Structure formats: C-alpha cells, structure tokens
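This structure is a prediction, so every number in the text was calculated from the model and none was measured. Note that these values count all heavy atoms, side chains included, but never hydrogens, waters or copies made by symmetry.
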Amino acid sequence: MQADFRWLMLASLGVLVSVVSVFAVVSPAGAYSASQTEAQSDPYAFPNVDLCCRPKPPRVPHCVRHPDAPSCICRRDPENPVCRDPDDGFPGGWPPPRRVVVDCGAQYYPDSRVFTSLQEAVDSVRPWTTIVVRGGFPGGDCREHVRIDKSLSIEGDGNAPAIVNGCVTIAGRGRPTVHLRNLQILGTTTGLNGSDCHRQSVPFTGFDGHPYELRTSGDYAISALSVAGSTLIGEGLLVRSAQAALDADQSVVTLNGGVLAANPGARFSVRLDRAEVKLSRVTVAGGSTGISAKMLDRHPMTFDDIQLQSARSQYGEYSKGDDGVVVSLVNEGLPALPAGGAALFTWNRGSVQGFENAVTFDPGVSAYFGGAKLIEPRQGFIVRAGARVELAGNTIERAKLVGIRVDGGASGQAIANNISRKDGDCFCIAGECRDDEDDIDYRRFELRGNVCRREGSGWFGG
C-alpha cells in the first residue's frame, strides 16, 4: 500500500515537472506573441477568439472605401453617399472630369475627351465643371445657340477669344452661377436660322422665389446674351449682335472688361431688369437706348469706368441713339420709400456720347453720377419729379438744349460740374432756365460750384 502511494506521488511529480518544462521552453518570461500582446491591451481580443460583445467598427460606405471603383461613380457626400451608373456615357469614360475641352472645328472621335459641340459639353458635364473652348486656329466657331441651366465655367483658350456664333441663354431652376471668360458671342449678327435665336421658354426662379418663364417677345428683347434668374460673372467678353447685346432679368450680373455692342435698330444694347449689377471697364455701344436699368428698390447697380457710345458700323459710320442711360424703378405696388431710401444707382467715371438725351433718372430713383463726360447731347442730365440725384464733377460738352434739367418735385444736388452749351441754357431747374446757378431759386435741388460756358461767348456761373 505504501509502495503504491509512493509510486503515485512520483508519477504526479513527473507530470508537474514536464508541464513546467514545456512552459519554460515555449513561453519564456517576458516573451509574448503578437496576439497575446493584443490580448493584454484589448480585453476583448484573444488568439483565435471572436467574442460576440466586441465593439464593431463603423461601416464605411462602398463609395468611400473605393472612390475609384470601376463599377460606380461616387457622389462625395458623407451624409448621403450614392453611386451613379457609369453606363450613361461620357467622352473618355467615367468619372466625368472637372475640366473638359471643346473644339468645334475638330473631328469627332468616340473615345476622345474633346467635344465638338459646346452645347453637348454643357449638357454632359457635372455642375461646377470648367469648359475650355479652343479659340482661333485650330479651334473653329461654335455655330450653335447655347442654353446653360447649371453652374459651370466656360472660358476661351488662347490669346484670341473663343467664338460662339449664336446666342447664349443662362437660365434654370436653382439660380445657377455661370462664369464666362475670354469669349466672343456673335448673337444674331451672322445668325443661324432667323433672328430669334431659336430660344424656347425657359423656367427660372425670380428674386421673389416665384417661378417665371423667360419670354422672347414683347418687352423682352431678342439678345445675344440672356440671363434670367441666374448669376453671371463675366470677364473679357465681346458680345456683338444685330439685336440687343445683353438682357438680364431678376439676376446678378458682374462684368469686368469687354464690349457689349448692338445695332442701332435694337430697342436697347443692354437691358437690366430687376437685377443686381456691377459693371467695370465695359464699353457699351448701339441701341435706340444704350442702357436701360429698371431697378428694384433693394438691389443696387454700380457702373465703374463705362464708355457708352452710339452704334458704329464696320465701315466706321455712326448712328445716333435716342437715350443713353435710362434709370427707373419697377412698380411692385408697394408703398414708396422716403426720398433717397431706395438702393443706389452709382456711376463713376466713363463717358456717354452719341445720344440725344444722355442720362435720365425717372421718379423714385436714388442715384449718384460723378466724374463722367457727356459729349454733345441735346440734353445732358434729366432728373424727373420724385427722383433724388447727386451730380458731381461731371463734364457736359456742347449741349444743344440744356446741360442739367431738373423737374419740379425732384431733389438732390449738382456740385462742381463743368458745362458748355451750343444753344439753350446750362440749367433748367423747376422751370427756371439760366446760365448762372445763382439766379435759380429752388431749394430742393442745390447748385454749388458749377461752371457754365456758352460756345464762343466766354464763361458764366460760379
């Protein structure tokens, strides 16, 4: 019995020694496998064990994990990732690039990234794409009417402007923003098929949030460049048309540099109807009315260094217009604001020449006109009853009838203007026509420091 007990003790001791020896060989002190090390730092991680309660990482959408996946094109929206079908077709394949090239004179190749139609490029690209149009040679004229209903940029490539031999219409729901640079738009000058540019009625959203249709008849002119319910930012544009050059309705228009020219038979060269406008260093020519500015009383218009002149043919002949600049307010049926409370019409520097009536301010308008030159008008400035206008530092050369005419009921001031006249008078204020400002007694419109000169008769005035 004792022998059996001793034998059992020796066997147990042998097993214990064997186990200790195994652990000593396999796992020496201080040496752990990678999984064991992870298990020590992560209480849920053990070798070859996946616990049900282990926290799961957030699911990453397919579009984020595979942005270049050939099976789909991802819209990069973390809140709402979706994939678009790549089988819609696009020159050069998917994804559509943010910059494409148009060469209207090139030969079409199915797999090329170069478009041969500007309208096709506009229809195909995503919003906020830049479309580069090759100008001059080897690029050819884009002989088409172009409608833009999404936000994008179109710019001419090269020293010569790219030519759109047709009309451009910018309109669409959502108030798109369009950048145009280094382009020549010929409008109806050479025409495609008629003078209406083949424009269909286009829906757009106005300043008041209501839907409208862009019309092409009645008071809405046929123009080479039309903007309705949209934002146009233009630089270096050359627009020529047998009809109006620019027509903007309930839009925001910013132009820097360029020419807007219409034939003398056009009702106007530029019409700005219920628009917010800033024009700088732009030459405007032609039209029976050069610039028609119909303001909402809450959206300002600013013109810096604008040269306005009558129409000139390619042979150098001039045709005089009726009204250079006409500024008026759109009647919305609302109570009138106090005098001077409307948004300001501002004109700094520049010139107006070749029009019978240079500048007219209609009732309700609040305006500043300074540092400009009016050349040989029949009437220089006309301020209607109810308008409030400041005229400062302008030069009126050789007026045929009157330099500054202010109707009774108008208000404002004329300061340091230099006037010369061929006939008539320098000032007609509330029915009093004089050459000397001191002889006029109308307190609502201040005259101060103006100089009057009659051609060949010396100087008058203060």
Side-chain angles (χ1 to χ4, degrees), residues 206-208 218-221 247-250 267-268 270-277 279 287-303 306 308 321-348 352 355-370 372 374 377-392 394 396 399 401-415 417 425 427-433 440-447 450:
F207 276 125
D208 54 9
D219 290 338
Y220 290 74
D247 180 17
D249 185 10
Q250 298 200 64
R267 293 183 57 189
F268 47 78
V270 173
R271 185 181 76 110
L272 307 167
D273 193 344
R274 296 170 291 178
E276 186 171 313
V277 177
L279 268 59
S288 175
T289 297
I291 299 175
S292 172
K294 296 182 179 179
M295 302 179 64
L296 285 178
D297 57 17
R298 53 197 174 276
H299 294 288
M301 294 186 180
T302 303
F303 296 77
I306 305 300
L308 173 60
D322 294 329
D323 297 289
V325 182
V326 178
V327 187
S328 58
L329 283 185
V330 175
N331 183 4
E332 298 180 281
L334 298 173
L337 292 171
L344 193 65
F345 177 94
T346 304
W347 185 297
N348 296 299
V352 179
F355 293 89
E356 291 290 334
N357 302 312
V359 183
T360 302
F361 302 100
D362 282 343
V365 169
S366 180
Y368 170 86
F369 210 105
L374 314 185
R378 183 172 179 271
Q379 299 184 92
F381 291 105
I382 303 172
V383 184
R384 305 286 189 192
R388 182 179 180 86
V389 177
E390 179 180 350
L391 308 174
N394 301 288
I396 305 173
L401 181 61
V402 62
I404 298 177
R405 171 187 155 190
V406 179
D407 293 346
S411 61
Q413 56 187 0
I415 300 174
N417 297 283
D425 300 279
F427 309 100
C428 281
I429 312 296
E432 292 187 63
C433 296
I440 296 176
D441 184 18
Y442 182 70
R443 302 304 179 190
R444 295 188 61 182
F445 196 92
E446 179 186 4
L447 298 173
N450 300 286

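With sequence neighbours excluded, the residues that form a ring-ring contact (aromatic ring centres under 6.0 Å, His included) with F369 are W347, F381. Contacts of E446 classified as salt bridge (Lys or Arg N to Asp or Glu O under 4.0 Å), with partners at least two apart in sequence or in another chain: R448.
Between the CZ atom of F427 and the CZ atom of F445 there is a distance of 9.5 Å, given to the nearest 0.5 Å. The line from CG of D323 to CD of Q379 is 9.5 Å long, rounded to the nearest 0.5 Å. In this structure, CG on L401 lies 8.0 Å from CG on D425, to the nearest 0.5 angstrom. Note that CZ of F361 is 10.0 Å distant from CD1 of I382, once rounded to the nearest 0.5 Å. Of the inter-residue distances, the one linking L279 atom CG with L272 atom CG reads 7.0 Å to the nearest 0.5 angstrom. The CG atom of D273 sits 5.5 Å away from the NZ atom of K294 when rounded to the nearest 0.5 Å.
Listed here is the closest heavy atom pair of R298 and A343: C-CB, 3.7 Å. Heavy atoms only, all atoms of each residue included: A358 and G380 are closest at CB-O, 3.3 Å. Contact between F355 and G287 at its shortest, heavy atoms only, is CE2-O, 3.6 Å. The two atoms that bring A293 and F345 nearest to each other are CB-CE1, 4.1 Å, heavy atoms only. Across every non-hydrogen atom of A410 and V383, the tightest pair is CB-CG1, 3.7 Å.
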Exercise for review: For side chain to side chain contact (heavy atoms under 4.5 Å, CB included), just list the numbers for R384 and R405, CA-CA rounded to whole Å, side-chain angles, deciding distance to a tenth of an Å, and then say yes or no.
Suggested key: CA-CA 9 Å; R384 305 286 189 192; R405 171 187 155 190; 3.3 Å; yes
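For N450 (side chain) and A414 (main-chain N/O), a donor-acceptor pair under 3.5 Å exists by modelled atom type.
A heavy-atom distance below 4.5 Å is found between the side chains of Y368 and N348. Using a 4.5 Å cut-off on side-chain heavy atoms (C-beta onward), L329 and D362 make no contact. At a threshold of 4.5 Å between non-hydrogen side-chain atoms, the residues I291 and F303 count as touching. Counting heavy atoms from C-beta outward, R267 and T289 have side chains that stay 4.5 Å or more apart. Put simply, the side chain of E356 does not reach to within 4.5 Å of the side chain of P377, judged on heavy atoms. Between I396 and N417, the closest side-chain pair of non-hydrogen atoms is not below 4.5 Å.
Of the candidates L374, V359, V325, V325 is the only one forming a side-chain contact (heavy atoms from CB on, under 4.5 Å) with L308.
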